[in-house]
K.L.:
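Can you keep this structure in mind? I'll have questions shortly.
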Amino acid sequence: MENEFALELKRQKVVTEYKSALISAINLILDNIKNQKELAEAIIENGNTKMTDEKVKGFQKSIERYSALKDKIESDAKLSKVDYSLLAVACTGASNSVASNAHKLLDSAKQLQNLAKAFMA
């Protein structure tokens with residue numbers, strides 16, 4: 001029991017110290033989910049039968065969960081184990097997205113360097 005209490009205090013301290021980074025990660029995830037939801041709605045509207053309203057409802061449910069988590073963090077509310085798990089998912093997803101964008105940016109920089117060399121030849 002004492003270890004659980006210490007772990008909870010440690011988690012709360014990390015959330016407090018990295019509050020803005022955590023909110024940014026959640027915002028990135030929310031933006032991604034909202035974009036997927038809008039795309040799904042457009043596909044349904046265009047008559048594609050493979051996309052269902054259930055999928056859109058799933059996106060909406062995720063938006064609500066992440067928004068509630070963001071609200072808890074912003075208001076310094078106590079987080080549950082489920083909240084910490086969702087926060088871990090958000091951080092992992094945001095990290096993967098940022099890493100992917102960084103790789104794309106590096107690839108673009110290399111292509112631009114190659115173009116510059118080609119124009120100088």
K.L.:
Closer than 3.5 angstrom, by distance alone: can the side chain of Lys70 be matched with the main-chain N or O of Asn27 as a donor-acceptor pair?
P.N.:
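Between the backbone of Asn27 and the side chain of Lys70 there is no qualifying donor-acceptor contact (under 3.5 Å).
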
K.L.:
For Lys55, does the NZ atom sit with more than 12 other heavy atoms under 6.0 Å from it, leaving out its own atoms?
P.N.:
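Atom NZ in Lys55 is not packed in, count stays at 12 or less.
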
K.L.:
Do Leu22 and Leu69 make a side-chain contact, defined as non-hydrogen atoms from C-beta onward lying under 4.5 Å apart?
P.N.:
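No, side chains not in contact.
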
K.L.:
Please determine whether a side-chain nitrogen of the Lys or Arg among Glu54 and Lys57 lies less than 4.0 Å from a carboxylate oxygen of the Asp or Glu.
P.N.:
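Salt bridge present between Glu54 and Lys57.
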
K.L.:
So how far is it from Lys72 NZ to Leu86 CG, rounded to the nearest 0.5 Å?
P.N.:
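With rounding to 0.5 Å, NZ (Lys72) is 9.5 Å from CG (Leu86).
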
K.L.:
Could you go through Val15 and Asp76, starting from their C-alpha distance and side-chain angles, then the distance that decides it, and tell me whether this counts as side-chain contact (heavy atoms from CB on, under 4.5 Å)?
P.N.:
CA-CA 9 Å; Val15 168; Asp76 297 320; over 6 Å; no

K.L.:
Do you know which two heavy atoms are closest between Ser97 and Asn32, and how far apart they sit?
P.N.:
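Minimum heavy-atom contact is OG-ND2, 4.1 Å.
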
K.L.:
Any Lys/Arg nitrogen of Lys37 or Glu41 sitting under 4.0 Å from an Asp/Glu carboxylate oxygen of the other?
P.N.:
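Yes.
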
K.L.:
Is there a chain of hydrophobic side chains (I, L, V, M, F, W, Y, each step under 4.5 Å between heavy atoms) that links Val89 to Ile33?
P.N.:
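Yes, it is one cluster - the side chains of Val89 and Ile33 are joined through contacts under 4.5 Å.
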
K.L.:
Are Phe59 and Leu28 connected into the same hydrophobic cluster when the rule is that any two of I, L, V, M, F, W, Y join if their side-chain heavy atoms are below 4.5 Å apart?
P.N.:
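Not linked; separate clusters.
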
K.L.:
Just by modelled atom types, is the Ala68 backbone N or O under 3.5 Å from a matching donor or acceptor in the Asp71 side chain?
P.N.:
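Judged by distance alone, no pair lies under 3.5 Å.
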
K.L.:
Go through Leu79 and Arg11 one step at a time and tell me if the side-chain contact (heavy atoms from CB on, under 4.5 Å) criterion holds.
P.N.:
CA-CA 9 Å; Leu79 301 180; Arg11 286 177 173 168; over 6 Å; no

K.L.:
Are Arg65 and Gln60 packed together at the side-chain level, in the sense that at least one heavy-atom pair is separated by less than 4.5 angstrom?
P.N.:
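Side chain of Arg65 against side chain of Gln60, heavy atoms only: no contact under 4.5 Å found.
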
K.L.:
Heavy atoms only: give me the nearest Ala90-Ala25 pair and the separation to one decimal.
P.N.:
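Closest approach of Ala90 to Ala25: O-CB, 4.3 Å.
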
K.L.:
Heavy-atom count check: over 12 atoms from other residues, nucleotides or ligands less than 6.0 Å from Lys19 NZ?
P.N.:
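Enclosed: over 12 neighbouring heavy atoms sit under 6.0 Å from NZ of Lys19.
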
K.L.:
If you measure from CG on Asn96 to SG on Cys91, what distance do you get to the nearest 0.5 Å?
P.N.:
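The distance works out to 11.0 Å.
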
K.L.:
Would you say Leu105 ends up clustered with Val98 if hydrophobic residues are merged whenever their side chains have heavy atoms under 4.5 Å apart, either directly or through other cluster members?
P.N.:
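No, Val98 does not connect to Leu105 through the hydrophobic network.
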
K.L.:
With a 3.5 Å distance limit and no angle check, can you tell me whether Thr92 reaches the backbone of Ala88 through a side-chain donor-acceptor pair?
P.N.:
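Indeed, once roles are kept as given, a pair shorter than 3.5 Å links the two residues.
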
K.L.:
Are the side chain of Ser108 and the backbone of Lys104 linked by a donor-acceptor contact shorter than 3.5 Å?
P.N.:
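A pair under 3.5 Å: yes.
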
K.L.:
Going from OG on Ser24 to CD1 on Ile29, what distance comes out if it is rounded to the nearest 0.5 angstrom?
P.N.:
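The OG atom of Ser24 sits 11.5 Å away from the CD1 atom of Ile29.
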
K.L.:
Do you know which two heavy atoms are closest between Ile63 and Leu30, and how far apart they sit?
P.N.:
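Nearest heavy atoms, Ile63 then Leu30: O-CD2, 3.5 Å.
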
K.L.:
Is there a side chain to side chain donor-acceptor pair (under 3.5 Å) between Gln12 and Tyr84 once you walk through the steps?
P.N.:
CA-CA 10 Å; Gln12 288 174 357; Tyr84 285 118; 4.9 Å; no

K.L.:
Honestly curious: do Val56 and Leu39 fall in one hydrophobic cluster under the side-chain, below-4.5 Å linking rule?
P.N.:
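Shared cluster, yes.
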
K.L.:
So which heavy atom on Tyr66 is nearest to which on Ile26, and how close?
P.N.:
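Reported closest heavy-atom pair: O-CG2, 3.6 Å.
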
